[in-house]
Amino acid sequence: YGSNTWDAPIIVATLGMITLVTFRRIDWPKLGVLAAATALATTVAIVPFAMRYVSPAGGVDSPESGILNEVPGIGYIANSIGYVAWNRSTTAELLTHWGGQLLLIAVLLGAIAWRAELWNKKSSRYLGAGFALLLIVAILTDTPALAIFGGPAAVFLYLAFLQETNPPQRVISAFLGVALVVLVAIEYVYIRDPFGDRMNTVFKFSFQVWALLAISLAAAIPAVICRICSVRGSIQTGMVLVAASISLILMSFYSPVSAYRWSDGFEQWRGLDGTQRVRSSHPGEGAAINWLRDNRQDVEVILEAAGCGYGTESGLPHSRVSMATGLPTVIGWVGHQHQWRRGQPERLEEIGDRIEHVRSMYEEPSDSGELFQRYGVTHVYVGTHEVQGYERCESGGPYDIPDGSVLEQLGWEIAFERGPVIIFGLPGSDSRN
């Protein structure tokens, strides 16, 4: 919860399911003690984080008033969880993202049904009736995910609680059941955030589903194949192996195709070094960033142009200096600051002030001595973004920066100069270039 609050619901649901399905006969006193111990340990662990954490949940489309808002706890949930009233994911979109895993799930379900002869069990009638009901609801609500994921989810949850299933199989079934239920749930509800849509809900929860499916399918498919080999003939085993192999081969196309498209047909190098492009397209900027890295012990706060978000201008990302060096700056990506500070009204108001303070320190350094001291600025970065500004970001430059001699007259010294980049430092800095 302290690392990523988005993980908490899935972790709680998964642990709860595993706890339930691994009890052959539920010993309620023992289960109660286990639940209480877990809750106590968890609470103690998260208290230091929770005492200072202010949730940004409750987006721009949250209801401002209503009787639910007056009920403690319920009001928070009502403002944090919204109903997906717009168009849901289409069948094509779902198959594009989850087609490979669905093929493996189909192989797994087929093998399990074949081995356990589920069609001969009375419970299979209820599963069939339940799937038919899901299909009807999916058509009426225009939610293909309910039919695509809901049916398999019901089977796996049934297997998780089936007494004939051994504990490892129960755990794997619980993993798969939780994962598929989540994929259905995010088609109906979303977490209200500053964006007012379900983008983050789909992204964050789907990311966790990928992990659950990777773990469970990697464990289940080989086990099922081995079991079939021991009890069935070579023809049945071959069919399962062929189906699983086709699924894996089709999924493996993603990596080379994605790499080819991402690199414009392998014409452009794409690696893990995010600063390589800066060094190649803007040698002066790259050299300045390297210098700041090498002399970071002398830099407390770097002043650079405020940025907006993920965009780039002139081939340089916003807030590129603090991003590439890890050095604190007065204000970075304004968009992210609005997200992180959503539950802190006083911090939200401070964002606009900091944007104007950065402008003042660049354009009127003679009158901004108090601001330099307030933010602890020890170095001033004057480069491409500060001089040229942005086309699509009003928060940053261009700044009407006076001649560098003005800063020098105020006691600042040129600590680094290369191409279009000049870095001014406070007197007494040991590093000069």
Side-chain angles (χ1 to χ4, degrees), residues 6-7 10 13-14 17 87-115 131 134-135 138 143-160 168-169 171-188 198-229 236-263 265-266 270:
W6 291 91
D7 291 342
I10 305 299
T14 305
M17 279 294 300
N87 292 336
R88 300 187 173 93
S89 303
T90 65
T91 301
E93 291 170 340
L94 295 173
L95 294 180
T96 298
H97 284 281
W98 305 104
Q101 290 90 335
L102 284 171
L103 282 174
L104 290 175
I105 288 172
V107 171
L108 180 59
L109 284 176
I112 291 174
W114 193 350
R115 177 167 55 85
F131 179 75
L134 286 177
L135 184 61
T143 311
L146 187 59
I148 295 174
F149 303 124
V155 175
F156 284 123
L157 293 178
Y158 165 75
L159 292 172
Q169 293 172 340
V171 171
I172 294 300
S173 297
F175 269 44
L176 290 167
V178 170
L180 295 174
V181 167
V182 170
L183 290 180
V184 175
I186 60 177
E187 294 294 319
Y188 288 98
R198 68 188 188 113
M199 173 189 67
N200 267 330
T201 300
V202 172
F203 163 58
K204 301 289 187 179
F205 284 114
S206 295
F207 185 78
Q208 296 166 46
V209 169
W210 273 92
L212 288 173
L213 291 181
I215 294 170
S216 50
L217 289 175
I221 294 296
V224 168
I225 291 175
C226 290
R227 185 64 178 270
I228 290 177
C229 289
Q236 293 89 340
T237 302
M239 292 174 61
V240 174
L241 287 173
V242 169
S245 299
I246 291 175
S247 302
L248 293 173
I249 291 172
L250 291 176
M251 293 172 67
S252 69
F253 281 112
Y254 173 80
S255 294
V257 171
S258 177
Y260 182 83
R261 295 185 62 184
W262 181 245
S263 61
F266 300 122
R270 301 280 186 173

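In what follows, every heavy atom counts, from backbone to side chain, and hydrogens, waters and symmetry copies are set aside. Source: prediction; values computed, not measured.
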K.L.:
In terms of the angle between their ring planes, are Trp210 and Trp98 parallel, tilted or perpendicular, with boundaries placed at 30° and 60°?
P.N.:
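Plane angle between 30° and 60°, so tilted.
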
K.L.:
Which heavy atom in Ala145 sits nearest to a heavy atom in Val184, and how many Å separate them?
P.N.:
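So the two residues come closest at O-CG2, 3.6 Å.
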
K.L.:
I need the minimum non-hydrogen distance between Ile172 and Ala220, along with the two atoms involved.
P.N.:
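Closest approach of Ile172 to Ala220: CG2-CB, 3.8 Å.
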
K.L.:
The criterion is side-chain hydrogen bond (donor to acceptor under 3.5 Å, both in side chains); which residues satisfy it with Ser89, sequence neighbours excluded?
P.N.:
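With sequence neighbours excluded, Ser89 shows a side-chain hydrogen bond (donor to acceptor under 3.5 Å, both in side chains) to Glu187, Arg198, given in chain and number order.
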
K.L.:
Calculate, to the nearest 0.5 Å, the distance between atoms CG and CG belonging to Leu94 and Leu102 respectively.
P.N.:
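Atom-to-atom, Leu94:CG and Leu102:CG are 8.5 Å apart.
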
K.L.:
Here's a test for you: under side-chain contact (heavy atoms from CB on, under 4.5 Å), which of Leu217, Ile246, Leu213 qualifies with Leu104?
P.N.:
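Among the candidates, only Leu217 passes.
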
K.L.:
Measure the OG-CG distance between Ser216 and Leu180 for me, rounded to the nearest 0.5 Å.
P.N.:
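If we round to the nearest 0.5 Å, Ser216:OG and Leu180:CG are 8.5 Å apart.
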
K.L.:
How close do Ser173 and Phe156 get, counting heavy atoms only, and between which atoms?
P.N.:
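Where Ser173 meets Phe156 most closely, the heavy atoms are CB-O, 3.3 Å.
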
K.L.:
What's the verdict on side chain to side chain contact (heavy atoms under 4.5 Å, CB included) for Ile186 and Val209, showing C-alpha distance, side-chain angles and the deciding distance?
P.N.:
CA-CA 11 Å; Ile186 60 177; Val209 169; over 6 Å; no

K.L.:
Looking at every heavy atom in both Ala160 and Ala174, which two are closest together, and how far apart are they?
P.N.:
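Scanning both residues, the minimum pair turns out to be CB-N, 4.0 Å.
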
K.L.:
Drop me the distance from Ile148's CD1 to Ile105's CD1, to the nearest 0.5 angstrom.
P.N.:
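Ile148 atom CD1 to Ile105 atom CD1 measures 11.0 Å (nearest 0.5 Å).
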
K.L.:
Less than 4.5 Å apart, side chain to side chain, heavy atoms only: is that true for Pro144 and Thr90?
P.N.:
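Side-chain contact under 4.5 Å: no.
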
K.L.:
Look at atom CZ of Phe266 and say whether more than 12 heavy atoms of other residues, nucleotides or ligands are closer to it than 6.0 Å.
P.N.:
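Above 12, so yes.
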
K.L.:
What's the separation between atom CG in Leu95 and atom CD in Gln101, rounded to the nearest 0.5 Å?
P.N.:
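Those atoms lie 11.0 Å apart.
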
K.L.:
So, do Leu248 and Leu103 sit near enough that their side-chain heavy atoms are less than 4.5 Å apart?
P.N.:
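Side-chain contact under 4.5 Å: no.
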
K.L.:
Give the intermediate values and the outcome of side chain to side chain contact (heavy atoms under 4.5 Å, CB included) for residues Lys204 and Asp7.
P.N.:
CA-CA 8 Å; Lys204 301 289 187 179; Asp7 291 342; over 6 Å; no

K.L.:
Pair Gln169, Leu159 - check side chain to side chain contact (heavy atoms under 4.5 Å, CB included), show working.
P.N.:
CA-CA 8 Å; Gln169 293 172 340; Leu159 292 172; over 6 Å; no

K.L.:
Using the side-chain hydrogen bond (donor to acceptor under 3.5 Å, both in side chains) criterion, which residues pair with Tyr188? Sequence neighbours excluded.
P.N.:
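For Tyr188 the side-chain hydrogen bond (donor to acceptor under 3.5 Å, both in side chains) partners, ignoring immediate neighbours, are Thr141, Thr143.
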
K.L.:
Closest approach of Leu183 and Ser206, non-hydrogen atoms and distance?
P.N.:
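What the structure gives for the nearest pair is CD2-OG, 4.3 Å.
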
K.L.:
Determine whether Met17 and Leu157 make a side-chain contact, defined as any pair of heavy atoms from C-beta on separated by less than 4.5 Å.
P.N.:
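With C-beta onward as the side chain, the pair touches.
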
K.L.:
With side chain to side chain contact (heavy atoms under 4.5 Å, CB included) as the criterion, how do Leu176 and Leu212 come out once you've worked through the C-alpha distance, each side chain's angles and the decisive distance to 0.1 Å?
P.N.:
CA-CA 7 Å; Leu176 290 167; Leu212 288 173; over 6 Å; no

K.L.:
Would you name the heavy atoms of Pro222 and Ala218 that are closest together and state the gap between them?
P.N.:
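In this case the closest contact between Pro222 and Ala218 is CD-O, 3.1 Å.
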
